[in-house]
Amino acid sequence: MAEPTLADRLGGLREAVEVAEGRLAVPEVGRARTLLAKAGARQALGEATVVALAGATGSGKSTLFNALSGAEVSTPGVRRPTTGVAHATVWGPAQDPLLDWLEVPRRHRHDADPALDGLVLLDLPDHDSVRLEHRLEVDRLVELVDVLVWVLDPEKYADAAVHDRYLRPLAGHAGTLLVVLNQADRLPPADLAACRADLRGLLDAEGLADAALLTLSGRTGEGLPELLALLGRRVAERRAATQRLTADVRGVARALQVHCGPGTRTATDDAGLTRALAAAAGVPAITAAVERSTVKAGTAATGWPVVRWLGKLRPDPLRRLHLGTGGRSSLPEVGSVQEAGVATAVRRARDAAGEGLPLAWTDDLRATSEVHADRLADRLDRAVSGTDLGSERTPLWQRGVGALQWAVTAAALVGVLWLLGLVVLGWLQLDDLVPLPRVEGLPVPTLLLVGGLLAGLLLAVLARPFIGLRARRRARRARRRLEEAVAGVARTEVLDPLAGTATAHARFCAAVTRAAA
């Protein structure tokens, strides 16, 4: 499999940063963002090779710089100038935009060696300067240059400050690092060989086995041709900037990999979450209100018309909840039991989504669930308020029973009026003038009154089970619709955001792996 190009690596790192934006509050993401900005600027500035000489006070770095530059550009000495400004020597065409980006104001042109055209050599301030601004300038430029030549001297080549702060962190950049043991003329050959062997062992132990090590003397010129030859090859390849950026991207990407985990997400208890949210949203109360409201409406439609008005004195249980009004409903306040159930269900969903994720991602899951939980109650209330609870139209059979009720009531009323008429005729002693019809020996008015009353009562009693059956069926349909609405809120406000974090983690890790390959 071919090694990814720098563009592929930068694309992966860019995607990882985009995915992590707003999710991972970790310093590695900030460093990746800074590197992407640096890579974009550096690639736009051409293929010149920027080489920096870095070292401690008295290491002979400035003497070496002057020897390579062929002129007294930087002032050598044990006590360095206090400006803390880097010097530059440029071979070939001027590189002003590049040096402006590097913020190196002191520039010298060198046209004596065409083989080095495109080389920009920097002499950095001393890394161990007593002035803080000098040390900060070294740190800044060390991050920007393409090739770093670390100049050590026989006395301080094993200085922990150099190795711990600068060399060991460059373990992944061995291909862009040269180590020079300067002042070779100060040691006998045997001591120089021992010193070199010791330094080589230190570098190998620090993961810099691929870093080239040269021994030379900036004062006498010993070893300078070898260094110039190495620099010449780097310049001719025109790949130093790419190699440095590649090493930087891999280093940053590998640092980001600590925030990648297996992400073995377990199945969430969606039904349990829906039940908990439904209880908190008042679904049981609404369902009970639907059943009672249906019973009330059915009783009013099939009950005895004479006492039917009494039902209107009691408010409709469903309308009292003010559902579908566009504002907040009048559902009962959520109790502590329901709140605890919701919290437990959300926590279980979060734990399932975060199974196998590193801490930074579980922190994002927690923040995500907290943000969405803040609006969960309002979304639930709107969901249940806007749910269609089913038709409120009176069924045909109830209308038929209601018509029969009016018929038997009319018969009872006829019987009452007939009997009152007979009473009046009896008081006027005219009852003998009007014959009284009978059926099986019973007066017809009495039969109409008693039969109408008994028939109305019987119709109401017979209709009651069917009214209850319809009420329970309508309540079940309403519960299903309400639970579907609550499940939609659960997906939108809890499950989808949590799944989004898990998906983002997978995308992040894939992008980081591509950048670090």
Side-chain angles (χ1 to χ4, degrees), residues 2-14 17 31-54 64-66 68-71 73-74 85-125 137-150 170 172-178 211-212 227-253 515:
E3 184 175 343
T5 64
L6 176 59
D8 292 337
R9 295 181 189 276
L10 288 173
L13 188 63
R14 188 174 295 107
V17 170
R31 289 196 286 271
R33 193 181 297 112
T34 300
L35 175 58
L36 288 171
K38 167 195 167 181
R42 181 65 185 91
Q43 288 180 310
L45 291 169
E47 297 180 341
T49 303
V50 182
V51 178
L53 301 182
L64 178 59
F65 177 79
N66 290 334
L68 295 172
S69 301
V73 180
S74 183
V85 177
H87 299 68
T89 295
V90 180
W91 278 258
Q95 300 289 341
D96 290 338
L98 178 57
L99 290 171
D100 290 341
W101 177 68
L102 292 169
E103 298 179 18
V104 177
R106 297 188 177 184
R107 306 166 187 182
H108 171 70
R109 291 286 300 279
H110 190 298
D111 296 321
D113 191 351
L116 295 177
D117 282 359
L119 173 63
V120 178
L121 185 66
L122 304 183
D123 180 24
L124 304 188
E137 180 71 356
V138 173
D139 293 344
R140 183 183 70 85
L141 288 170
V142 163
E143 294 295 325
L144 298 178
V145 300
D146 304 326
V147 178
L148 187 63
V149 178
W150 207 271
L170 292 171
H173 297 65
T176 63
L177 174 68
L178 301 176
L227 177 58
L228 286 170
L230 279 176
L231 297 180
R233 286 197 294 270
R234 298 295 176 91
V235 172
E237 292 171 353
R238 305 293 184 189
R239 296 181 58 247
T242 299
Q243 290 175 339
R244 173 61 194 265
L245 290 174
T246 298
D248 287 344
V249 171
R250 294 181 68 184
V252 169

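The chain is numbered in sequence order, starting from 1.
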Exercise. Do NZ/NE/NH1/NH2 and the carboxylate oxygens of Arg42 and Asp248 come within less than 4.0 Å?
Worked result: no
Exercise. Should the pair Glu3-Arg9 be classified as a salt bridge under the 4.0 Å nitrogen-to-oxygen rule?
Worked result: yes
Exercise. Around atom CZ of Arg107, are there more than 12 heavy atoms of other residues, nucleotides or ligands at under 6.0 Å?
Worked result: yes
If every non-hydrogen atom of [X] is compared with every non-hydrogen atom of [Y], which pair is closest and at what distance?
| X | Y | result |
| --- | --- | --- |
| Ala88 | Phe65 | C-CZ, 4.1 Å |
| Leu98 | Val50 | CD2-CG2, 3.5 Å |
| Asp146 | Arg244 | O-CB, 3.4 Å |
| Val145 | Val142 | CG2-O, 4.0 Å |
| Gly232 | Leu116 | CA-CD2, 3.5 Å |
| Thr49 | Ala240 | CG2-CB, 3.5 Å |

Measure the shortest side-chain to side-chain distance between [X] and [Y] over non-hydrogen atoms and say whether it is less than 4.5 angstrom.
| X | Y | result |
| --- | --- | --- |
| Leu36 | Val17 | yes |
| Leu178 | Leu231 | yes |
| Leu10 | Val249 | yes |
| Val51 | Val149 | yes |
| Asp123 | Thr89 | no |
| Asp117 | Val235 | no |
| Gln95 | Leu45 | no |
| His173 | Gln243 | no |

Would you compute the distance between atom [atom1] of [X] and atom [atom2] of [Y] and round it to the nearest 0.5 angstrom?
| X | Y | atom1 | atom2 | result |
| --- | --- | --- | --- | --- |
| Leu6 | Gln43 | CG | CD | 5.0 Å |
| Glu103 | Leu141 | CD | CG | 8.5 Å |
| Leu119 | Trp91 | CG | CH2 | 5.0 Å |

Exercise. Would you say Lys38's side chain and Leu245's backbone share a donor-acceptor pair under 3.5 angstrom?
Worked result: no
For this session: Applying side chain to side chain contact (heavy atoms under 4.5 Å, CB included), run through Leu124 and Leu53 and close with a yes or a no.
Result: CA-CA 6 Å; Leu124 304 188; Leu53 301 182; over 6 Å; no
Exercise. Is the closest side-chain donor-acceptor distance between Thr5 and Asp8 under 3.5 Å?
Worked result: yes
For this session: Take Val104 and Leu122, measure what side chain to side chain contact (heavy atoms under 4.5 Å, CB included) needs, and give me the verdict at the end.
Result: CA-CA 9 Å; Val104 177; Leu122 304 183; 4.2 Å; yes
For this session: Verify side chain to side chain contact (heavy atoms under 4.5 Å, CB included) between Trp101 and Leu144, making sure each step is shown before the conclusion.
Result: CA-CA 10 Å; Trp101 177 68; Leu144 298 178; 3.9 Å; yes
Problem set entry | Chi angles and distances behind the side chain to side chain contact (heavy atoms under 4.5 Å, CB included) call for Leu148, Thr176 | CA-CA 6 Å; Leu148 187 63; Thr176 63; over 6 Å; no
